[in-house]
Amino acid sequence: MTIKRLSLILIGVLCVVAGALLWLLRTPSSTFDGANADQPPVSAELIRRGEYVARLSDCVACHSTPDSAPFSGGLAMATPVGKIYTTNITPDPETGIGNYSLADFDRAVRHGVARDGHRLYPAMPFPSYQKLTDEDVAALYAFMMHDVKPVSRQNRASEIPWPLNMRWPLAVWSAAFSRGGPQQPVANQDAVWNRGAYLVEGPGHCGSCHTPRGLAFNEKALDASSPDYLAGALLDGWYAPSLRNDANTGISRWSEADVVEFLKKGRNQHAVVFGSMADAFNNSTQFMRDDDLRAIAHYLKSLPPGSNNSGKGWQYQHDDAPASAGSQTYMARCSSCHGPDGRGQAPWIPPLAGATSMQVDTASSINVLLNGSARVVADGVPDAYRMPPYRKQLTDQEAADVLNFIRSSWGNQGEKTDAQAVGELRAKTDPASSNVIILQMR
């Protein structure tokens, strides 16, 4: 083959690559593009619907902080390559989204592309939000523009170093891992199931925490067609357990009523919300309509065991193990609340016997032991019982010992931890606040 022919082939390949890259970097189209786009007139009813969509999507939890105005951004979010900070999404024209058209807003929410064309980091769950209906996007836009107070607050730059902070590669990421469109009903499922699927897979973006991630930090699945979807994942110092009917690591022992109670009240006979789920409850799930909560429960309980399912189903066993350093710490520090038998005092103090957190990855159990849990605020009333932090009372070895005792007692089948793992998580985390934190939407 001649040099001239090789050169022509190389030029051709480069042109194809350049063309493909330009296509990926294009501004994506929106349903609401053009002067003739069907945009509903703004009304009080539309704004109220948008407020509800914002609750379903839990926008306030990420785009607010306890000491800032609603939706003005500034929340630090850890990523494997550095911290990023959520943005100001109030309708301020200079620092927020006040100049966004409905089409601009749609591109940001469902495509991960800002008004100026830069790509959003996938900490913004646009792979899930792409399933939002046009009607919900329009309603959310009406709420954000007409019922949220504009706040002048500059966005904070990320701490991701160059060249990893370049945004254009995110177009390739999005093309690979964020394909699809508005949710379509599944023909062989009833209306309740389809509503639940929409809420979980779309605005609720449950997979963002509960679905395992790939090497590119992508969710391995975006819907129930894959056994990876909602199969449990480690994220930011917490292990979000499976929401499927896994024997020990999921919700196989929960009824639909249990799921509804957990999402509505923050607790049930099996568990109490803690960690990141406390934020989701305090700001989102408790505000959902009962019919929507029932739809979510119906959908989740229809899912078969997933890719992380393992072990024989848990059954309570009386603990006849000899005394150990871990059992002594448990009796001294834990038994007054959780009981010598590990059964707790449900629904106020959760059982540790059979607890999902004691069957899965050790991160959540270490984290909640060291740092305690945030206050659960239901119907505006903070709970009187919360897990206190023990990071000052227990050494790394003592914490590992008591966790290993709990994770192997009463029929629990959790893997063991060690002092090194406790120490590493201690260094990366802080105690949960004991203050009552309620993020306002107005």
Cation over ring, Arg115 on Phe105, under 6.0 Å and within 45°?
-> no
Give the minimum heavy-atom separation between Ser373 and Ala432, together with the two atoms involved.
-> C-CB, 3.7 Å
Which residue pairs pass the side chain to side chain donor-acceptor pair (under 3.5 Å) test when at least one of the two sits in residues 342-352, sequence neighbours left out?
-> none
Taking all atoms of both residues into account, what is the closest heavy-atom pair of Arg333 and Tyr390, and its distance?
-> O-OH, 3.1 Å
Main-chain N/O of Arg119 paired to Arg167 side chain as donor or acceptor, under 3.5 Å = yes
Can you name the closest pair of heavy atoms from Asn404 and Lys416 and give their distance?
-> OD1-CA, 3.2 Å
Taking everything shown except Tyr385 itself, do over 12 heavy atoms lie less than 6.0 Å from its OH?
-> no
Just how far is it from atom CZ of Arg107 to atom OG of Ser29, taken to the nearest 0.5 Å?
-> 8.0 Å
Quickly, which of Asn245, Asp246, Asn248 forms a side-chain contact (heavy atoms from CB on, under 4.5 Å) with Asn309? Name it, please.
-> Asp246
What heavy-atom pair brings Val377 and Gly380 nearest, and what distance separates the two atoms?
-> CG1-C, 3.7 Å
Have Glu219 and Tyr229 got a donor and an acceptor in their side chains that come within less than 3.5 Å?
-> no
Measure up the Tyr330 and Phe405 rings against each other and bin them: parallel (under 30°), tilted (30 to 60°), perpendicular (over 60°).
-> tilted
Could Asp291 and Arg195 be called an ion pair, given the rule that one side-chain N must be under 4.0 Å from one carboxylate O?
-> no
Sole residue of Thr86, Ile89, Asn88 in side-chain contact (heavy atoms from CB on, under 4.5 Å) with Phe71 | Ile89
